[in-house]
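Presented below is the structure to which this report refers.
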Amino acid sequence: MTEPAAAPAAAPVRFTVALDGPAAAGKGTIARALAERFGFVHLDTGLLYRATGMKARLAAGEGFDESDAAYAARSLTALDLKAEGLRSGAAGEAASKVAAIPAVRAALLDFQRDFARRPGGAVLDGRDIGTVICPAAEAKLYVTADDATRAARRHAELTGKGEDVTFDQVLDDLRRRDARDAARDQAPMRAAVDALLLDTTDLSIDAAIAKAVELVAGRLPRA
Ligand code: C5P
């Protein structure tokens, strides 16, 4: 009698979803929903830059320089990612400043790339995931929405948390941050040539998520 040969262990799934786009386009919400739907891990890469900016500010004050920021990025800990106020407008502004510093981006690169190849699949959202961090990602989405829609969403989020800020201030901040993110020399915010475009301007959250799920499902390997 011969025993059936043991089936070879299935290779772990490695599947990266890269989600890029400007501030408040809905990337974070969509990324979390995709991770839940497909059982993938999720990394909000903006949080790394927010934590770096706030850590540099805390250590060296408003006028922190490039080496303060690079040191903050290199010494980032899990605890820094849980610091208070990382979702504030001030943290977004500090993030966008440190994000233009090459030594900061270099310090955060390997962590993001390793995360993206975790067995079981990963979703990363940011500005340069499909272009620089994971150019070979299996699925790339560029999520966008018009300026007024994004500002309205961010305004509701910030005032909901008690920030005293007007719609016009939020709109100005978003536009300034997008311009800086798109114009920097290293890893500027832009859609990868092979990214699928998802404009959420006229979509409810549920509709945007459904569309993203459909786009990613279309890239999954057939069973
Ligand atoms: O996505 P979020 O608004 O949290 O990002 C904050 C800032 O971090 C962005 O404005 C951008 O300057 C920077 N960022 C980046 N690259 C990423 C993610 C965020 O430069 N992959």
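Note that ligands are numbered from 1 as they come in the structure, with each ligand's atoms numbered from 1 the same way.
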Donor-acceptor list for residues 115-124 side chains, cut-off 3.5 Å, not counting sequence neighbours:
| unit_1 | atom_1 | unit_2 | atom_2 | d |
| --- | --- | --- | --- | --- |
| Arg117 | NH1 | Thr16 | OG1 | 2.7 |
| Arg117 | NH1 | Glu138 | OE1 | 3.3 |
| Arg117 | NH2 | Glu138 | OE2 | 3.4 |

Margin query: Does the plane of the ring in Phe15 sit parallel, tilted or perpendicular to the ring in Phe40? Use 30° and 60° as the thresholds.
Written below: tilted
Item checked: ILVMFWY cluster, Leu76 and Tyr71 together (side-chain gap under 4.5 Å) -> no
Checklist line | Partners meeting side-chain hydrogen bond (donor to acceptor under 3.5 Å, both in side chains) with Thr201 (sequence neighbours left out) | finding: Asp199
Atom pairs and distances, donor-acceptor, side-chain atoms in residues 211-221, under 3.5 Å, two or more places apart:
| unit_1 | atom_1 | unit_2 | atom_2 | d |
| --- | --- | --- | --- | --- |
| Lys211 | NZ | Glu214 | OE2 | 3.3 |

Check: Hey, is Arg190 close enough to Asp128 for a salt bridge, meaning N to O under 4.0 Å?
Finding: no
Note to self: Which protein residues come within less than 4.0 angstrom of ligand 1, counting heavy atoms only?
What the structure shows: Thr45, Gly46, Tyr49, Arg50, Ala95, Ser96, Ala99, Arg105, Gly126, Arg127, Asp128, Arg177, Asp181, Arg184
